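Here is how names work: the chains are called A, B, and so on, in the same order as the sequence lines, proteins then strands, and each is numbered from 1. Values in this document were obtained by computation on a predicted structure and should not be read as measured data.
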Amino acid sequence: MRRKTPYPYWFVAPAAIIFTVLFTIPTVTSLYFALTRWDLFSQTFIGFDNFVQFFREPGLTRGLINTVIFAGLTSGLKTVLGLLLAVLLTAGIFAQGFLRAVVFFPVLVSTIGVGLTFTELMHPTDGAINMGLSFFGIDGPGWLTNPDLALISVALVDVWRGVGLATLIYIAGLASISPEYYEAARMDGATRLQQYWRVTVPLVRPATTTVILLSLIGGMRLFDLIWAMTRGGPGFSSDVLASVIYKQYQAGFYGLSTAGNVILFILIGVLVMPLVYWLNRREVDL
Amino acid sequence: MARVELHDIRKSFGKVEVIHGIDLTIEDGEFCVFVGPSGCGKSTLLRIISGLEEQTSGRIEIDGRDVGNLEPVERDIAMVFQSYALYPHLTVGENIGFGLSLARKPKAEIAEAVNRVAETLQLGHLLDRRPKELSGGQRQRVAIGRAIVRDPKVFLFDEPLSNLDAALRSQMRIELTDLHAQLGSTMIYVTHDQVEAMTMADKIVVLKDGAIEQVGTPMELYDKPATPFVAGFIGSPKMNLFDGDVAAQKGCEVYGIRPEHIRLTDDGDWHGRVRLVERLGADTIVHAEMETFGPMIIRTDGQSELREGREIRAAPMPEREFRFGKS
Amino acid sequence: MKRRQYVIGITALAATFVIFVLPFIFILLNASKTSQDSAALDFSLPDRWVFFENLIAVVQARDYILLLAYWNSTLITVCSVALMVIFGAMVGYILQRRHSAWNKVIFGFVLAGLMIPPAVVPTIWLLQQIGLFKTIHGMILIQCAYGLSFSVLLFRQFIGTIPRDLDEAARIDGASPLQIFFRVILPLLKPVTVTVIVVQSITVFNDFTHPLYYLPGRENVTVQLTLYNFQSQFVSQMNLLFMNILLVTIPPLIVFLFFNRQIVAGMTAGAVKG
């Protein structure tokens, strides 16, 4: 006879029930629904037709490509700028605490609020950004109205909004590097720049891993900012998978929308899993 | 009456058996010490008695009642942990009364019990403090108070003094001995320190590799160790033990002689040279290099004028030599 | 050296100010302007400061919908975060204290919850089946489900720092599993609980996507949804749009001022291998 454990598994039950019903079951059934033609009235099994359609219709394919571009661009910029800002904000400069707070605050602000504000700031004629540029004699572009630029503009706003988190993670990473490494490097005659490349960058690698993964996953899932700023437009030029999923849902193409969802999490799996493996493998063991 | 009986207790973690069938009886009111090197299973055995760990097989009886399948609280035991395990978010008073409040005792009754215990342990002025505001010795007392308040049949101590400094440790040894005399309850005490075992125990259980090596009073273990392991473990400095040729000459497998049972005398048969002298004041510990034996530790009086490099002659006291595994 | 740091500091301060603070000043200025004045979308000072008139106008707009939205958002946030804290801590506790093959399974689900985007249409279908679609309590449970993974990770990490001796002492004192958890463990989790509450509250309060899918209907409107809808409604009244943005920005600002440390702790948890 076994006595009762003080750590019974039923403690997991409330969370497990909520999670299973509202997350796991929809995720698993989506694999079936993605294979159906499904609208308000009926639901029929059609095999891989939805996926075929996804890769045939330029509007949908564009969303897939844009998702990868957007996620790559934002996570790249957040990683580089985040590390630079973190190095700057740990150098013991004037007003350091205030600057950290200012850089971080946008992370906490409503994405919709940020999106709407920047939509106005990026207005092609009246927007403050272009008016500022014209002051220097530069003719600012149509940030959100130019189809070649719209996605990148939104990505820049996403970097503005999210770089504070990357900075914060890097600051924590930098704080965990013992000053002795820098002292040792200086004894070996390393310059400031060499210290940065040979000591900081390798030793801050766990933070880099976190920043890249977080911003990559976040970037691929992003919906609200794009929806607040361009709704995927002009045309399909700034559509990403998340906005395609919403548009197909609104149009009543539930099967197609779900197929978009399945493609999104396959994409995340395909990009993130190898990355996790690769980044962890190259991690410096301290 | 609280007699603790263990019958063929075994414990395995996965495929590895760490306790190999222990039979032991601890009499009512006895202060019993489990002693042994780390990894010998003494803590695991204590945790099996407490009910925190479940035996793989065997019977545990407290007061003739089979408690092997009972929850700790149903066994009428209390335990003092090595880390004290005081609840950091509760005051001293709340810590001591926690078990009673779980049992839904009336507030007045709890307060009375807590005050009574605080009185005994001189904690009265600390009742509203939190554990982190206390010194090591005070925390130790609170941990003991939490055990006493429930008036258990058996007290279990898991290396309770090992986090204290040397001076406080010897003071707490005396306090615990006093407490035992005062309460008269059965106490089981785990330690790796043979001094604690010798000074406090009514009965010592020496454990090695998950099995009992020997059970007895402190002096029995000192005077009649059953095995070379016990001989080496009990007593300080350690008994000199020799195997191989030396033992063979003496007609046994292991020959042992305690440092305090060697006389330095000019007509001794043992020749050697002093390698190192440790002066403790009352005693002098001589580390010598002896012919045929090799390194040997000899204890002599504090006034000894011995120095490094001196030639010495020594002899064993009669009746104090130990021969293990006599053929 | 000192001088150089000072110069870098001033430059960084100026650049950061322009990049990160100006947009907020822009919001504040335009929220204080009249509608004609704000149509210019510039950084000029208001001709006439009408901050409070705008505030009242926004609150009164569309039959006080903003108040309803704040009530709904608060309700969803408070309830879902309360569930996340208790249920998440319980899972984190078991995950940290027990070691068996099940742990890997649970951990797999936790990681899946962090990475995999929810399948929205099947979720809507399921909510309809169990009668929770378009309901506030459905939304509460959804937010709880989506936030559990992160909460579990934070709690598990923190519980690792609580010595197991305390659980055992409580067990010896006669505490049941629930009593050990609620009377000994949970009170000791206070620092990480504050972190979870703050970080998750901001996340849930700012969430736009999920209410958009799962909570349509005027009576269920949330703060982020009203803000989004105001955009189309206030095309000629930028001042009111910015007043609304300002109102949505203030709660996180207040939380940030008070709980800066806990937010930082939560956001960087696990970033540095421990």
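- In this structure, OH on A:Tyr7 lies 5.0 Å from CZ on C:Arg97, to the nearest 0.5 angstrom.
- Listed options A:Asp224, A:Ile268, A:Leu168, A:Thr27 were ranked by heavy-atom pairs under 4.5 angstrom with chain C; first place goes to A:Leu168.
- For C:Leu22, no part lies under 4.5 angstrom from a heavy atom of chain A.
- The number of heavy-atom neighbours closer than 6.0 Å to CZ of A:Arg37, taken from other residues, nucleotides and ligands shown, is 12 or below.
- Contact of C:Met84 with chain A is not made at all, since no heavy-atom distance falls under 4.5 Å.
- When each of C:Glu168, C:Met90, C:Gln224 is checked for heavy-atom pairs under 4.5 Å with chain A, C:Met90 comes out on top.
- For C:Phe133, the CZ atom is densely surrounded, since the number of other residues' heavy atoms within 6.0 Å is greater than 12.
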May I have the step-by-step check of side-chain contact (heavy atoms from CB on, under 4.5 Å) for C:Phe242 and A:Thr117, ending in yes or no? CA-CA 8 Å; C:Phe242 283 109; A:Thr117 307; 4.1 Å; yes
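- Closest approach of C:Pro177 to A:Phe11, counting heavy atoms only: O-CZ, 3.6 Å.
- Contact tally against chain C (heavy-atom pairs below 4.5 Å) for A:Phe23, A:Phe98, A:Trp160: the top residue is A:Trp160.
- The closest side-chain heavy-atom distance from A:Arg221 to C:Met115 is not below 4.5 Å.
- Rounding to the nearest 0.5 Å gives a distance of 11.0 Å between CG of C:Leu114 and CG of A:Leu213.
- Contact annotation for A:Phe33: only side-chain heavy atoms (C-beta onward) come within less than 4.5 Å of a heavy atom of chain C.
- A:Phe105 has its ring centre less than 6.0 Å from the ring centre of C:Phe24.
- The candidate with the highest count of non-hydrogen atom pairs below 4.5 Å against chain A, out of C:Asn244, C:Val223, C:Asn206, is C:Asn206.
- Chosen from A:Gly127, A:Ala101, A:Ala13, A:Ser257, the residue pairing most often with chain C at heavy-atom distances under 4.5 Å is A:Ala101.
- Only the side chain of C:Ser149 has a heavy atom closer than 4.5 Å to any heavy atom of chain A.
- Among the candidates C:Ile94, C:Val91, C:Ile202, the residue making the largest number of heavy-atom pairs closer than 4.5 Å to chain A is C:Ile94.
- At a 4.5 Å heavy-atom cutoff, the contact between A:Ile217 and chain C is made by side-chain atoms alone.
- Only the side chain of A:Leu165 comes within contact range of chain C, with at least one heavy atom under 4.5 Å from a heavy atom of that chain.
- Ranking A:Thr111, A:Val107, A:Thr24 against chain C, the residue ahead of the rest is A:Thr24, based on heavy-atom pairs under 4.5 Å.
- The shortest distance between side-chain heavy atoms of A:Leu108 and C:Val255 does not fall below 4.5 Å.
- The two residues A:Phe19 and C:Ala145 have their closest heavy-atom pair at CD1-O, 3.6 Å.
- Put simply, of C:Leu95, C:Ile116, C:Leu126, the one with the most heavy-atom pairs under 4.5 Å next to chain A is C:Ile116.
- In this structure, no portion of A:Tyr32 lies under 4.5 Å from any heavy atom of chain C.
- Remark: C:Phe258 CZ is loosely packed, at most 12 non-hydrogen atoms of other residues, nucleotides or ligands lying under 6.0 Å away.
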C:Phe20/A:Leu99 under side-chain contact (heavy atoms from CB on, under 4.5 Å): CA gap, chis, key distance, verdict: CA-CA 9 Å; C:Phe20 288 98; A:Leu99 286 176; over 6 Å; no
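- Neither the backbone nor the side chain of A:Val204 comes within less than 4.5 Å of any heavy atom of chain C.
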Walk me through it: do A:Tyr254 and C:Trp125 pass the test side-chain contact (heavy atoms from CB on, under 4.5 Å)? CA-CA 10 Å; A:Tyr254 299 155; C:Trp125 166 80; over 6 Å; no
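- Interface remark: of the candidates A:Ile25, A:Thr29, A:Val21, A:Leu85, A:Val21 forms the most heavy-atom pairs closer than 4.5 Å to chain C.
- Residue A:Val163 touches chain C through its side chain alone, counting heavy-atom pairs closer than 4.5 Å.
- Per-residue heavy-atom pair counts under 4.5 Å with chain A were compared for C:Ile86, C:Leu148, C:Val248, C:Val21, and the maximum is reached by C:Leu148.
- Aromatic pair C:Phe208/A:Trp227: centroids not less than 6.0 angstrom apart.
- When every heavy atom of C:Ala119 is checked against every heavy atom of A:Pro26, the shortest pair comes out as CB-O, 3.7 Å.
- If you measure heavy-atom distances from C:Ile130 to chain A, the contacts under 4.5 Å come from the side chain alone.
- For A:Leu22, the parts lying under 4.5 angstrom from a heavy atom of chain C are both the backbone and the side chain.
- Heavy-atom distances place the side chain of C:Tyr146, and not its backbone, under 4.5 Å from chain A.
- A:Val272 touches chain C through its side chain: at least one heavy atom from C-beta onward sits under 4.5 Å away, while N, CA, C and O do not.
- Both the backbone and the side chain of C:Tyr228 come within less than 4.5 Å of a heavy atom of chain A.
- When side chains are defined from C-beta on, A:Leu121 counts as touching C:Phe26, because their heavy atoms get closer than 4.5 Å.
- Of the atoms belonging to C:Tyr213, heavy atoms from both backbone and side chain fall under 4.5 Å from chain A.
- In this structure, no portion of A:Leu214 lies under 4.5 Å from any heavy atom of chain C.
- Contacts of C:Ile180 with chain A are made by side-chain atoms alone, with heavy-atom separations under 4.5 Å and no backbone atom involved.
- Between A:Pro6 and C:Tyr93 the shortest heavy-atom distance is O-OH, 4.3 Å.
- The closest side-chain donor-acceptor pair between C:Ser100 and A:Tyr9 falls under 3.5 angstrom.
- The candidate with the highest count of non-hydrogen atom pairs below 4.5 Å against chain C, out of A:Val262, A:Leu88, A:Val12, is A:Val12.
- Within the 4.5 angstrom heavy-atom criterion, no atom of A:Ala16 approaches chain C.
- Between the CD1 atom in A:Ile18 and the OG atom in C:Ser80 there is a gap of 10.0 Å [rounded to 0.5 Å].
- If you tally non-hydrogen atom pairs under 4.5 Å between each of C:Leu212, C:Ile142, C:Ile106 and chain A, the highest count goes to C:Leu212.
- Heavy atoms closer than 4.5 Å to chain A are found in the side chain of C:Ile124, but not in its backbone.
- Contacts of C:Ile27 with chain A are made by side-chain atoms alone, with heavy-atom separations under 4.5 Å and no backbone atom involved.
- One finds the CZ atom of C:Phe230 at 14.0 Å from the CD1 atom of A:Ile112 (value rounded to the nearest 0.5 Å).
- Atom CD of A:Glu120 sits about 7.5 Å away from atom CD of C:Gln231, to the nearest 0.5 Å.
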What do the steps show when you test C:Leu227 against A:Ser110 for side-chain contact (heavy atoms from CB on, under 4.5 Å), and what is the final call? CA-CA 10 Å; C:Leu227 177 57; A:Ser110 147; 4.0 Å; yes
